[in-house]
J.: 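Pasting in a structure now, in structure tokens, and then I'll have a few things to ask.
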Amino acid sequence: MAKDPVRVLVTGAAGQIGYALVPMIARGVMLGPDQPVILHMLDIPPAAESLNGVKMELVDAAFPLLKGVVATTDVVEACTGVNIAVMVGGFPRKEGMERKDVMSKNVSIYKSQASALEKHAAANCKVLVVANPANTNALILKEFAPSIHEKNISCLTRLDHNRALGQISERLGVQVSDVKNVIIWGNHSSTQYPDVNHATVATPAGEKPVRELVADDAWLNGEFITTVQQRGAAIIKARKLSSALSAASAACDHIRDWVLGTPQGTFVSMGVYSDGSYNVPAGLIYSFPVTCGNGEWKIVQGLAIDEFSRKKLDATAEELSEEKALAYSCLN
């Protein structure tokens, strides 16, 4: 029996990430090859013509799973009845711009979009915030959409997670699919902590720890971390545009695992509402290792945290606390 279509909202849909993301969703990359979708695409009025062009291309691509397209500049129309919301739209950070420069503009954007989701989205709508500063934008959204459960609001750190997997696979010359359980802790910013202490690689002799195989702690504790932290800036420098393809792919990975579940023995990184696990202050949206099943995520508990890691976890939590204070000051 055919499944009912899932309504998926993409904000900022005429932008670079949106343009890369909507065909992936329509092709089944996000929700699976047998799940029909209705795409809701939102953008600002100056982008209306471009948005219509994206809709035309979706029609022209004749995706079998795509059962309808709503392309609009009206936030209420965009949010009505949606089951999944991917919040890509935001005030963009440009080269050389501080995250704090964009905070107040994003607070007002996320306040209005949260209110529309609160009133018009489907019950149990899952929300993924992509636009930077992603963790704090998600926190603002949670603040202004109180009826959306905190378990249903997350931010994207899967891109950083995938970047870390990529760096390890390149270093070891192995398939990226054989590397698992890297962790991104904290903020989707240059203070994030890519942690390989619990990561393994599938080898013919069984799973082996990444640290043991790399056998270079100086690299793992230094260059590897900074490469992952600064990868976004490196791509802007190379492309003169921000990472769109990899961000869109990571958004699909995030939602797919959240909805369909993570493989047994595998955890992934998601920015979620802290409950105080790992001594991270409660009330921040912070990236943790999670497993997913039955449409819900759970923070992986009981992982050993060494002294080096503890300092990194605390530093990124401190930045998030400062961002939270700054964002809340913009509300007054």
Side-chain angles (χ1 to χ4, degrees), residues 12 15-21 24 86-103 106 128-137 155-177 179-197 199 201 210-211 214 216-254 268-271 286-287 308-309 311-313 315-316 319-320 323:
Q16 281 227 91
I17 295 173
Y19 186 69
L21 177 59
M24 293 184 188
V86 186
M87 316 302 283
V88 178
F91 186 82
R93 181 184 175 199
K94 301 188 172 74
E95 193 172 4
M97 212 176 189
E98 284 299 311
R99 297 168 73 77
K100 294 176 174 62
D101 297 340
V102 299
M103 183 74 73
N106 279 298
L128 167 61
V129 176
V130 176
N132 285 321
N135 301 58
T136 302
N137 284 343
C155 82
L156 187 72
T157 56
R158 183 59 173 268
L159 176 54
D160 309 299
H161 180 99
N162 288 349
R163 286 166 171 166
L165 292 175
Q167 290 300 307
I168 296 299
S169 81
E170 289 215 316
R171 176 78 176 197
L172 292 175
V174 299
Q175 294 296 312
V176 74
S177 54
V179 187
K180 69 176 188 180
N181 297 355
V182 299
I183 302 167
I184 302 298
W185 297 97
N187 199 359
H188 175 62
S189 78
S190 58
T191 67
Q192 64 173 266
Y193 171 44
D195 176 4
V196 299
N197 290 329
V201 178
V210 162
R211 266 201 193 274
V214 171
D216 186 346
D217 283 349
W219 182 78
L220 285 171
N221 292 344
E223 188 185 334
F224 163 73
I225 291 174
T226 54
T227 297
V228 176
Q229 286 173 336
Q230 295 168 15
R231 187 69 161 187
I235 288 168
I236 288 172
K237 192 174 177 191
R239 284 191 76 224
K240 309 298 180 273
L241 295 164
S242 63
S243 41
L245 181 158
S246 53
S249 182
C252 287
D253 291 345
H254 177 114
V268 295
S269 304
M270 283 173 68
Y286 188 99
S287 183
F308 178 86
S309 299
K311 286 179 179 163
K312 298 283 189 189
L313 265 69
T316 191
E319 182 184 57
L320 279 169
E323 273 190 20

J.: Would you check if the side chain of T226 reaches a backbone N or O of E223 as a donor-acceptor pair within less than 3.5 Å?
T.: yes

J.: Exactly one of D195, T157, T191 should register a side-chain hydrogen bond (donor to acceptor under 3.5 Å, both in side chains) with W185. Which one does?
T.: D195

J.: Rounded to the nearest 0.5 Å, what separation is found between the CG atom of L220 and the CZ atom of F308?
T.: 9.5 Å

J.: In the structure I gave you, are the side-chain heavy atoms of Y193 and I183 within less than 4.5 Å of one another anywhere?
T.: no

J.: Enter the distance from L156:CG to M87:CE here, rounded to the nearest 0.5 Å.
T.: 13.5 Å

J.: Using modelled atom types only, decide if a donor and an acceptor are shared between the side chain of R239 and the backbone of S242 within a distance under 3.5 Å.
T.: yes

J.: Using modelled atom types only, decide if a donor and an acceptor are shared between the side chain of N106 and the backbone of F91 within a distance under 3.5 Å.
T.: yes

J.: In chain order, what residues pass the side chain to side chain contact (heavy atoms under 4.5 Å, CB included) check against A131, with sequence neighbours excluded?
T.: Y110, N137

J.: Judged by atom type as modelled, is there a donor-acceptor pair below 3.5 Å linking the side chain of S190 to the main-chain atoms of Q230?
T.: no

J.: R211 and N221: side-chain donor and acceptor closer than 3.5 Å?
T.: yes

J.: Please report the interatomic distance OG(S243) to CD1(I17), rounded to the nearest 0.5 Å.
T.: 6.5 Å

J.: Tell me, with the steps shown, if E323 and N187 meet side chain to side chain donor-acceptor pair (under 3.5 Å).
T.: CA-CA 10 Å; E323 273 190 20; N187 199 359; 3.1 Å; yes

J.: What pairs of donor and acceptor atoms, side-chain ones from residues 164-176 against any protein atom, are under 3.5 angstrom apart with sequence neighbours left out?
T.:
unit_1: S169; atom_1: OG; unit_2: G166; atom_2: O; d: 3.1
unit_1: R171; atom_1: NH2; unit_2: D216; atom_2: OD2; d: 2.9

J.: Rounded to the nearest 0.5 Å, what separates atom CD in Q192 from atom CG in L159?
T.: 8.5 Å

J.: So, K240 side chain and K237 main chain: donor-acceptor pair closer than 3.5 Å or not?
T.: yes

J.: Say whether S246 and N162, considering side chains only, have a donor N or O and an acceptor N or O under 3.5 Å apart.
T.: no

J.: Test: salt bridge (charged side-chain N to carboxylate O under 4.0 Å, His left out). Region: residues 155-169. Which pairs qualify, not counting sequence neighbours?
T.: R158-D257, D160-R163

J.: State whether the side chain of Y19 and the backbone N or O of A244 hold a donor-acceptor pair below 3.5 Å, judged by distance alone.
T.: no

J.: For a 4.5 angstrom cut-off between non-hydrogen side-chain atoms, does M103 reach P133?
T.: yes

